[in-house]
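Here's the structure we're looking at; comments come further down.
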Amino acid sequence: MDPLKNIESLAYFSPEIILVVFAAAVIILDLLVKNRESEKVAYLSLVGLGCSLAAILITNSLNGSKEPISLFFGMIRLDGFAVFFKILLLMATTATILFSLRSEELDAKLKGEYYALLLAITFGMFLMASSTNLLMIFISLETVSLTSYILAGFLTHSPRSSEAAFKYITYGAVASGTMLFGLSMLFGMAGTGDLTQISSQIAAVLASGGVSSLGVLIAITFVLAGIGYKIASVPFHMWSPDVYEGAPIPITAFLSVASKAAGFALFLRFFHTGFGTPEIMQSIDWRLLLAIVSALTMTVGNLAALPQQNVKRLLAYSSIAHGGYLLMGAVLLTPEGLAAILFYLIVYLFMNLGAFYVVVLIANEAGSEMIDGYRGLATRAPLVAGAMAIFLFSLTGIPPLAGFFGKWVLFYAVIGEGLYWLAFVGLLNSVVSLYYYARIVKAMYFETAEDPNSLSFSNGTFALLSVFAVPTIFIGLLNIFYTLSDKITLQ
Amino acid sequence: MLLSLMIFVPLLGMIVVLLLPRESEELIKRVTLAFTLVPLVIAVVLFVSYNRSTVGTQYVVNVPWIDAFNINYHIGIDGLSVTLLLLTALLGPICVLASWRNIEKGIKAYMGLFLLLETGMLGFFAALDLFLFFVFFELTLLPMYFLIGVWGGPRKEYAAIKFFLYTLFGSVLMLVAMIAVYLNSNVINGVTEGVRTFDIPTLISLAGTEGHALADSGFQMWVFLGFFIGFAVKVPIFPFHTWLPDAHVEAPTAISVILAGVLLKMGTYGIVRINMAMFPEGFAIFTNGVGFWGNSLALLGFINIVYGSFCALAQTDFKKLVAYSSIGHMGFVILGLAAGNSAGINGAILQMFNHGVISAMLFLLVGVLYDRAHHREINGFGGIGNKMPIYTGITTLAFMASLGLPGLSGFVGEALSLIGAFQEFELLTILSTIGIVVGAAYFLWTLQRVFLGTLNPKYEDLPEINKREILTLVPLGILTIVLGIWPNFALNMFSESVSNLVNALSAI
Amino acid sequence: MVVPLISIILLCPLAAFAIFALFGLAKRSFPRQDYLSTAAMLVALCCSLLLLQDVVSNPEPLTIEWLSLGDISFSMGFYLDSVTVIMLIVVTLVSSLVHIFSIGYMHGDPRYPRFFAFLSLFSFSMLFLVVSDNLLGIYIGWELVGLCSYLLIGFWFEKDSAANACKKAFLTTRVGDVGMFIGMMMLFNQFKTLSLYGTDGIFTRIADPVFFTGDTAGIVWLSIAGILIFCGAVGKSAQVPLHTWLPDAMEGPTPVSALIHAATMVAAGVYLVARMFPILTPTSSLVIAYVGGITALVAATIAIVRFDIKRVLAYSTVSQLGYMMLAIGAGSYVAGLFHLTTHAFFKALLFLGSGSVIHAFHAMHAHHDDEHTESEEHEHDDQGLVHDHGSEIPPDQDMRNMGGLRRKMPITFITMLVATLSISGVPFIFSGFWSKDAILGGVLGQAMASSSPHYYILFGMALLAAGITAFYMFRLIFMTFFGEPRNQEMHNMAHESR
Amino acid sequence: MEFTLKTFIFYGFALITIGSALAVVTVRNIVHAAFALMVTLFGVAGLYVFLQADFLAATQVIVYVGGILVLILFGVMMTSGRLEMRIHIERGQLLLGGCISIALLMLLLTVIANTPAWENLTDDGTQLAPTTKRIGELILNEKFLLPFEVVSVLLLVALIGAALISRKEVRD
Amino acid sequence: MSLQHYLVISSILFTLGIFAVLTRKNAISILMGIELILNSCNLNFVAFSRFVTPAETIVGSEVFRFDGQIIAIFGIVLAAAEAAVFLAIILAIYREFGSIRPDEVDTLKG
């Protein structure tokens, strides 16, 4: 189908429009309500997210043929892949807003701007998941990045939040600049910015000898700097521990899940649609490069996580490692690999957000982000400790928790392509990761607290906790989530 | 249906226990006991009603689970699994009874985790789908980790994480091998056709099909290794054994019982069920192949026997001694399995069951002593035979069974394993008999140091073993004697399945 | 009649033990365990005597399948020939006597019922060993008697020496047993069965000339298997080099020494080798004969220099067992078994007699033990009692404390003298002469027949050992019963057993 | 290539651009660096003119020189307490950075040299039409409407964010 | 004045930008380096637009080559936005730490 023109596209663009409208509405409402009632703003933004979800479902059903549609002259594309990520991102944002409502660290700061920024960044991520044009890719990435910088530095009275923002933007700006340079090179080689055409164009010039494979590889590497930065892959991961540690916990959770998911959406679309064709693969096998990056990413993430004392920082490294696992799937270019990534992202969403939620709760109640602060949690707050243990073991990949099934589909896909070495590295990393996750469990269960008073939480807290914990237990055991990804392809 | 009920009743029990109020400890214990008795009853029913004359699996349930990977909830029992199910189900209530008084904190969580553990173990022995098999295999890890880590001894954290890491390392290799098997399960003569499968019986028959990718001996060798290392950690086979003494020493009594009684058997069961049945070519490479690796499996068995026995001899911690003796005794299992003939395999399986019973007794006995004296230093006792005659009597029975005294069950398994192994590896088997002598040495020495000689004045008032403790020991003691006198009682459960296996192995 | 009789013989002692064990679990004991066990033994004795009339020359074994594993199976069964029945009678008779003796001897011991239970278990195991028709059954009985020996030697386990001795006994015999087990495995590997008799039995097949058609390799492994099986006997029958446990085993109560370590268990080794005679090749026979000869000589020489009355008897036992082995090694296994039977009686007699002597001194011993601790440095304490600290001989067993007892204990004296004359082989009226003569004759005959120098050497060793035997036995008699009392106080208190 | 006035001017612009950029990264005084940057930006604008991108050249001057550079100068003044605003440079880091940069440059030049598709594309002197109107159409009505709208959101976010972060917090 | 001239210039600018980021110990200098990088990218785009992309012809002889140019326009806008946020963060940093040297703003460590 030909790309739709601007006005025709608007209907399919409604989820994004709703987000922007609500972002504006949130800002306006913020001016109207008193400081005490700032929760209303949060609820409004939740409504916005809900409307957006409804719009996604409606537009999806509007498109009866389920064929991918190109919108706005091919700037973005609406397909199952994009829809999947949009829903995933909406869930992550919803969770983040709920976390923020309960986070004492953000309490004084909860202004309309905060929620507006969250809506805006979701908007940017939607675009990341659906961009099919080099310019759109860059703009959406920048939208997300800029908003992330602001959110990371949102606690202006906290030095470490500012520091996080500073490091984030320093690394981020260089990375995006590098990426833009790479994009310009690709643009110069292909003569077009349209991702769908780039593939055939580059293949043509490669075949005619107009471009050396080295040149394409360098360009890809430059682009990878930007995307790799977003998904925190080695060697563009340096920012992430500092930023994760410094940023407010809900934002850390958001960055580690949503930002990473959006990054992977972009990554997959860019590499699969743009450079995954057999013609290109013939001359440039960038997969080996990525496989090595993937192996390094998980190894570095896991090894660096081992000695950490700060749970937030530990989870930051853990999320680097998980990025590495996900990259394995991205290397493959097979439907199995794609399905594995999608499934893993669902699982990762629940278990990682759940873990961060517990971090929020403990930071609120026990006032500590350090592992020592988790001592004796099993007796002080048995349910929270139990949920945390579930999340952590799921992150490790222990059956019957969902994390295991996520890893299972990933390794299955990897081995299916014959990359035994990569699977081995990944699996050994899982074993290593057990050690540091278990340290938190050890503190919670095997050690006794200095302050034996039990912590009390509201029923809402437990409800939200179970929203994450229950899927973490059951997703893998149910049939439906495996078949879900059958419908989503990138070709 | 009966089988599924048996597997999931403990899980249901866990939920029930978790819903009970934390304060009503007696109620929790009773409920747990009830929920562990149900599987026992079912296991006995299965054991009795199992048709011993046929080879195939019985009580089969096969329903789709994860369609995307053609994973089924496929369970069923053959003679081997029903025997181990009985063992597991028997140890369940015994362990609950053994935990009755000496678990001081968090009884609710303890019992809940224990029930979860039992589901994992029962499911493992009944699973006939490779994926399900793996999931159940791993399902035992989590509860075990907590049970050791929370209720363990002074170095519990270290022991728990070591146990966890070792086993996880092994299962990771297993996972790779499992995926490889799955991926090759629809490749015949280089052509991919049909759907892939995890179904163990199907895979076994495919692996015997000429030209099938699974039947390729090079492939089988690697896959065999993957699975083998996974199971070897669990057994544990030297050099993957170092987690075991730590775990045993730190774990509470009942958990040691489960660990030695059932968890170690999971490793050897896996070797029989997967490695030998599915990869006979690979098995042949490591048992009667050529070159350096030719006899490696038997060699490992031998090392286990001798190393375990000598280490046990050097221990002064009662529990550690029993733990090392476990390593030694599992060596006989490996040796018997490596023989690959009917005497060897039957002996090995019988030894699995017997060791389950006997080591359970030993750990219970250690626990009884520890509860009274609060230490386990062998040299710190002496002469208590006079104070605790019944305890001494039962201990002597257990020791004698463990050191392979004829007339008690330990002998039959050991002897059959050795007789089988001798037909294949004469020298190694002869050398392995060192283990018998050393086994007698450390047990007798322990008996002497703890029970004989003059009474250590510290233990003037040592109370005799109580009724509840006797109740936990008597069923095991009876089994030890009955199986020693009439081993066919267990052997004819699985001898048909084994001869089937032997035929398959000898066809290579 | 055979099956019920054998069943009764086996079950009676077993039941006696089982009753003890069941009561034990309930933390009490059967009211009269002593009478129960003794009665069980007497019943077994009567049944054994009844069996005498059922013995046929070449009987079929009575078997049931014990284990079947597809291609292989193990059976359990009984085999009754004259040898078996003789052994049955010996065992039950000696055992009954020991039971009766123990009722008085062990009276007042805190673990009195347990003693009888263990005796019953021992008797059962021994009988099981004797009647089994296959190696596996023999091995099972074999190990069980080892266990009972362990339990009985360590009966007074509060004594560290007893605790050490029982462990030593079990371990040492275990070493031999492992050898036997390997031998069994070798035989199983060849014959795919462990049954000895019957159409598929090892003996039947080995007698088949087809089996050894010029196959020297076959002979070699059979020799090795024979020697390995003999290893078991080396352990149990205390042959050199595994003989060290037997003297230590005298730490057990004297009835135990009489029953197990003189009459029955140690003889089991001889019985085993005699049973396995058909598979012995010339090479293995020679090895057996040498081990037996060396044992006979070495043990006899050691016995000369001992002062502990029970140890002298123990070394004497070892020496006599060596004799029996020598006989079997020389091919005259009938002579060996004959000597076994005679030895069982006269050695039991000697042990019980010595027990009587020791019992007579026992009260003294208890009295002295209290003071003993304060004066450990002295060779002779103030009352002139010899305390040999080096070898830790209990004073009531030290012959240096005895002497002149023939007037005090005439009955004991006469019975022991008779037994001594018998063991020394005084011609014509004593059983020991006939059996020893048969052995010496057998060895000489073998030497002439095979014309190999080995058997001449062995014959010489046997003669020498016989001489030494007479010497140390009379030394024992003279030190104990003749001369002047070396310790007047103890002498005064001595009396006949009641 | 003919050495005409046009080429002379081109090389002049190129040299000014590169030279001033070099100054930006080497000068020790931050204000000097800022002014050097201004020169660079002008130089790039000049190059845009050579590429016949008239609207872009104007934008470059207005946005960069008029906006960003002023912003940077504000930043300099607000953060540097003293007039002597020296930039600290470590020798080791300088060396390392230099090596990396030179390697990078070599890599890029290799790529440029090894890309035949980019060779021999000289300015044919075709006079292109003025671009402003067409750019307006493209951005506001045609292909680039979506990016334009998205960028407006982005600018809004940047506006809010910058205000939020830089404002003085009243601590309570 | 071939394409390669422009490419070489932009490559040098890019490299100098990277060099500044790597060596300068002042947040604002780093920002300047980033601006250099972005300028080099824009120059690339415009140059490619001029030489490589196919021309679109509207109404007779008027010839336009646009895509790259418009990307460059957006590039400039994004650079401006980024600079604004960057400077805002620099101000915040200066307020909290009294310094804008990256090596002094480094309290978060593993």
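What you see below is based on every heavy atom in this structure, not just the backbone, and it leaves out hydrogens, waters and symmetry mates. All of these numbers come straight from a predicted model, not from anything done at the bench. Naming: A, B, ... by sequence-line order, numbering from 1 per chain.
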Contact class of [X] relative to chain E, heavy atoms under 4.5 angstrom:
X: A:P241; result: neither
X: A:Y244; result: neither
X: A:L180; result: both

Can you measure from [atom1] ([X]) to [atom2] ([Y]) and round to the nearest 0.5 angstrom?
X: A:K167; Y: E:I93; atom1: NZ; atom2: CD1; value: 9.0 Å
X: E:I71; Y: A:M136; atom1: CD1; atom2: CE; value: 12.0 Å
X: A:F181; Y: E:T15; atom1: CZ; atom2: OG1; value: 7.0 Å
X: E:C41; Y: A:F187; atom1: SG; atom2: CZ; value: 13.0 Å
X: E:S11; Y: A:M185; atom1: OG; atom2: CE; value: 7.5 Å
X: A:R160; Y: E:E96; atom1: CZ; atom2: CD; value: 12.5 Å

Region of [X] that comes under 4.5 Å of a non-hydrogen atom in chain A:
X: E:A47; value: neither
X: E:V85; value: both
X: E:F97; value: side chain

Please report the C-alpha distance between A:S162 and E:R95 in whole Å, then the side-chain angles of each, then the deciding distance to 0.1 Å, and finally whether the side chain to side chain contact (heavy atoms under 4.5 Å, CB included) criterion is met. CA-CA 10 Å; A:S162 303; E:R95 203 168 54 229; 5.8 Å; no

Between [options], who has the most heavy-atom pairs with chain E when the cutoff is under 4.5 Å?
options: A:S161, A:G177, A:P307; result: A:G177
options: A:A165, A:A305, A:G153; result: A:A165
options: A:L183, A:N310, A:L135, A:V243; result: A:L135
options: A:S145, A:G188, A:G191, A:A316; result: A:G188

Give me the atom names and distance for the closest heavy-atom approach of [X] to [Y].
X: A:A173; Y: E:I34; value: CB-CD1, 3.3 Å
X: E:A81; Y: A:L146; value: CB-CD1, 3.8 Å
X: A:S184; Y: E:F48; value: O-CE1, 3.1 Å
X: E:L78; Y: A:E142; value: CD1-CG, 3.9 Å

Do A:F166 and E:F86 have side-chain heavy atoms sitting under 4.5 Å apart?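 Side chain of A:F166 against side chain of E:F86, heavy atoms only: contact under 4.5 Å found.
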
Taking the side chain as everything from C-beta on, heavy atoms only, tell me whether A:Y149 gets closer than 4.5 Å to E:I89.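 The answer is yes; the side chains approach within 4.5 Å.
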
So E:F14 and A:T178, side chain to side chain contact (heavy atoms under 4.5 Å, CB included) or not? Walk me through it. CA-CA 8 Å; E:F14 180 77; A:T178 313; 4.1 Å; yes

Going through the checks in order, is the side chain to side chain contact (heavy atoms under 4.5 Å, CB included) test met by A:T170 and E:I30? CA-CA 8 Å; A:T170 314; E:I30 291 172; 3.9 Å; yes

